[in-house]
Amino acid sequence: MSTEETAATPAAPSNFIHDIIAEHAQSGRFGGRVHTRFPPEPNGYLHIGHAKSICLNFGLAKTYGGKCNLRFDDTNPAKEDVEYVDSIMDDVRWLGFEWDGLFYASDYFETIYQYAEQLIEKGLAYVDSSTTEEVRAQRGSLTEAGQHNPYRERTVAENRDLFRRMRAGEFADGAHVLRAKIDMAHPNMTMRDPLLYRIRHAHHHRTGDAWCIYPLYDFTHGYSDSLEGITHSICTLEFENHRPLYDWLIDELGLYHPQQIEFARLNLTHTMMSKRKLLELVETKSVSGWDDPRMPTIAGIRRRGYTPAAMRAFCEEVGVTRFNGLTSMGVLENAVRADLNKTAPRAMAVLKPLKVVLTNYPEGQVDELEAVNNPEDPAAGTRLVPFTKTLYIEQDDFREDPPKQFFRLAPGREVRLRYAYLITCQEAVKDPVTGEITELRCTYDPLTRGGNAPDGRKVKSTIHWVSAEQAVTAEVRLYDHLFSIENVANIPEGEDWKTHLNPKSLEVISDAKLERSLATSQPGYRCQFERLGYFCVDSKDSTPEHLVFNRTATLKDTLAKIEKRGG
RNA sequence: UGCCCGAUAGUGUAACGGUUAGCACAACAGAUUUUGAUUCUGUUUGUCCAGGUUCGAAUCCUGGUCGGGCAACCA
């Protein structure tokens, strides 16, 4: 009714690609069609940067009532594998998207071969028999023009013959290449007679041994988009210099011409998006695999406990521009907290147990107390947690000599055990040899069942706890940043980037104590351990006999901030 | 030394020649709280620089500065 309500409606994500597509829809270019695609090479697992691209491409298609394909750009048989194809499909689906068409660049090998022959017939491509070193040397430099070699002047007939014999398998790897005949003096290096085909007697994960020559990415990519009728070929900034080549290849053959639009790839602090380096981490066993919860891969963050909704919200939050920035990991963490805060059931778990004996509580008595499952969602209901004479609390929740900012348990101090009773610490028992506190002897106030004192007295702190008698022991894996430095891309040339891996990126706790209700948690189950963070049952290593929880994210920790600030 | 691209609070982004330059995260202060969580309120901080066009410029133009990309038979 009011204009204010209209204005308050959250705007659809605004970015320059939306603007371009909206304008095309307006002007009728592409006949009003919108058809995007996500074109990964199956040579590794997808990472968060790919998630941004997936959300962009599939999101655009959805917004404009168009289509989005999944296409594997599989032109390099040496590096590609079906394992990666499968993982990529899993990841796209996990993010919540379904492709309209499923294609492989290798589906187009025959067509692309014919395109190459057409270029040869038009005198626009030639077989070069130089060595790799010669090709490199003849290309010139950023400031100097390249040089022509005699092969550039081969006749059409000669090129046709040689190229067909390349396909027939008459030559060894590297003996010849097919190159476009454009301009060896072009200021854009990409246009200096780029290589189109190379000889590789290699087995391809889809075409098997049908081919011994393979088109290069630059020769294949634009044609693939053209063949699929893609309207907007969205890619990252580093392909901007290649756009003139894709345009040239398509226009010389008079083919359907998509519009390429480049955007800046995502960079996150404390991690890195290089597939090559991620592969190195996997191969050197620096992590447990592509799906190690510390990895920035989609498989990794999924196992870590992130939700698809949080990932999509994050991708929307970071935006789409042509500026190469560095986004704080905090933004990602905030996205998953925001989602899980609303949806994750609460439970109590003690990571570093400190035994508490209630001296005035009857031996053997079990009190079943009602606890709220999710304060953010009343429909989640309540559960019963057992309260007994011996309990565990968090070591961090007790200080023998508390600083004035510390509100939790200390000798002589009273705190509330969540959903239970007020307790007062009477004595801290120490190991006579080490001086380590081994046990707290406390009294409870029987009149405070549920947590409120009839006399109205207040306590400054509520802490979580678990019954020692009925605790479930579990393994808990605490994850932190993969790298200890913010900007991993900033590591100087020549320096070993792996020395900056965070040695504390994984802390394993083998004997955490969980409340009884968690005993039957299934793999993938997400919940909040109150006051600690969001956790999820590991999908690979957890068994009913040996539960394993992964920490997805901590809760915000004001005390830690205060103490850090105070020195 | 060539070509291409970019620049808005600490960070990531919005603003389409006219808004007190908006939002999110971060930071700070306060309120609420049986999670030092959540929630709510408020505060600090910004148009790279110099010229020009215009009644009016973050936006258009010119020049500079700074940053990114490009010389794989990788993608």
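The figures here come from the full heavy-atom set of this structure, side chains too, leaving out hydrogens, waters and symmetry mates.
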Here the pair of heavy atoms bringing A:T75 nearest to A:A105 is CG2-CB, 4.2 Å
Any base atoms under 4.0 Å from [X], or only sugar-phosphate, or nothing? Heavy atoms, all strands.
X	answer
A:R322	sugar-phosphate
A:T558	sugar-phosphate
A:P375	base
A:V320	sugar-phosphate
A:F406	base
A:Q405	base
A:R192	nothing
A:L326	sugar-phosphate
A:Y419	base

Report all side-chain donor-acceptor pairs from residues 323-332 of chain A shorter than 3.5 Å, counting only partners two or more places apart or in another chain.
unit_1, atom_1, unit_2, atom_2, d
A:N324, OD1, A:N267, ND2, 3.2
A:S328, OG, A:G330, N, 2.9

Can you list everything that forms a ring pair (Phe, Tyr, Trp, His ring centres under 6.0 Å) with [X]? Sequence neighbours excluded, please.
X	answer
A:F263	none
A:F219	A:Y197, A:Y223
A:F314	none
A:F171	A:H176

Please list, pair by pair, any protein nitrogen or oxygen found under 3.5 Å from a nitrogen or oxygen in nucleotides 24-27 of chain B.
unit_1, atom_1, unit_2, atom_2, d
B:A24, O2', A:E317, OE2, 3.2
B:A26, OP1, A:K556, NZ, 3.4

| said: With the stacking rule set at 5.5 Å and 30°, tell me whether A:F407 counts as stacking on B:G36. | reply: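 So A:F407 counts as stacking on the base.
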Distance between the P atoms of B:U59 and B:G2, in whole angstroms? 27 Å
Q | P gap between B:A29 and B:G64, integer Å | A |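 So the two P atoms sit 47 Å from each other.
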- Task: Kindly confirm or rule out a cation-pi arrangement of A:R206 over A:Y104, judged by NZ or CZ under 6.0 Å from the six-membered ring centre and within 45° of its axis?
- Result: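 Judged by the rule, A:R206 and A:Y104 form a cation-pi pair.
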key: Ring-face cation contact, A:Y113 with A:R167, 6.0 Å cut, 45° max   = yes
A:H47 versus A:W290: any side-chain heavy-atom pair under 4.5 Å?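 With C-beta onward as the side chain, the pair stays apart.
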Answer whether the closest heavy-atom distance between the side chains of A:R192 and A:I182 falls below 4.5 Å.
-> no
Using side-chain hydrogen bond (donor to acceptor under 3.5 Å, both in side chains) as the criterion, list what pairs up with A:T269, not counting sequence neighbours.
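Expected list: none.
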Query raised in the report: Hey, is the main chain of A:F239 close enough, under 3.5 Å, to the side chain of A:Q260 for a donor-acceptor pair?
Result: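 Indeed, once roles are kept as given, a pair shorter than 3.5 Å links the two residues.
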_With a 3.5 Å distance limit and no angle check, can you tell me whether A:K275 reaches the backbone of A:E41 through a side-chain donor-acceptor pair?_
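Judged by distance alone, yes, a pair lies under 3.5 Å.
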Between the base of B:G36 and the side chain of A:R531, is there any donor-acceptor pair under 3.5 Å?
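Such a pair does not exist between side chain and base.
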Given the structure, check if the side chain of A:Q528 and the base of B:U35 hold any donor-acceptor pair shorter than 3.5 Å.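 Checked by distance alone, the answer is yes.
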So salt bridge (charged side-chain N to carboxylate O under 4.0 Å, His left out) across residues 135-148 of chain A, not counting sequence neighbours, yields none
Extract from the structure each pairing of a protein N or O with an N or O of nucleotides 15-18 of chain B at less than 3.5 Å, listing the distance.
unit_1, atom_1, unit_2, atom_2, d
B:A15, OP1, A:S14, OG, 3.1
B:C16, N4, A:D19, OD1, 2.8
B:C16, N4, A:D19, OD2, 2.6

| Range-with-range stems for RNA chain B, at least three Watson-Crick or G-U pairs under 3.5 Å |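 Paired runs of 3+ in RNA chain B: B:2-7 with B:65-70, B:10-13 with B:22-25, B:27-31 with B:39-43, B:48-52 with B:60-64.
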5' to 3', nucleotides 68-74 of chain B under a 4.0 Å protein heavy-atom cut-off (B base, S sugar-phosphate only, - none) gives SBBBSBS
For nucleotides 40-45 of chain B, print each protein N/O atom paired with a nucleotide N/O atom at under 3.5 Å, atom names and distance only.
none

Map A:D74 and A:S461 onto RNA chain B by nearest heavy atom, then report which one ends up closer to the 5' terminus.
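On the 5' side of the pair lies A:S461.
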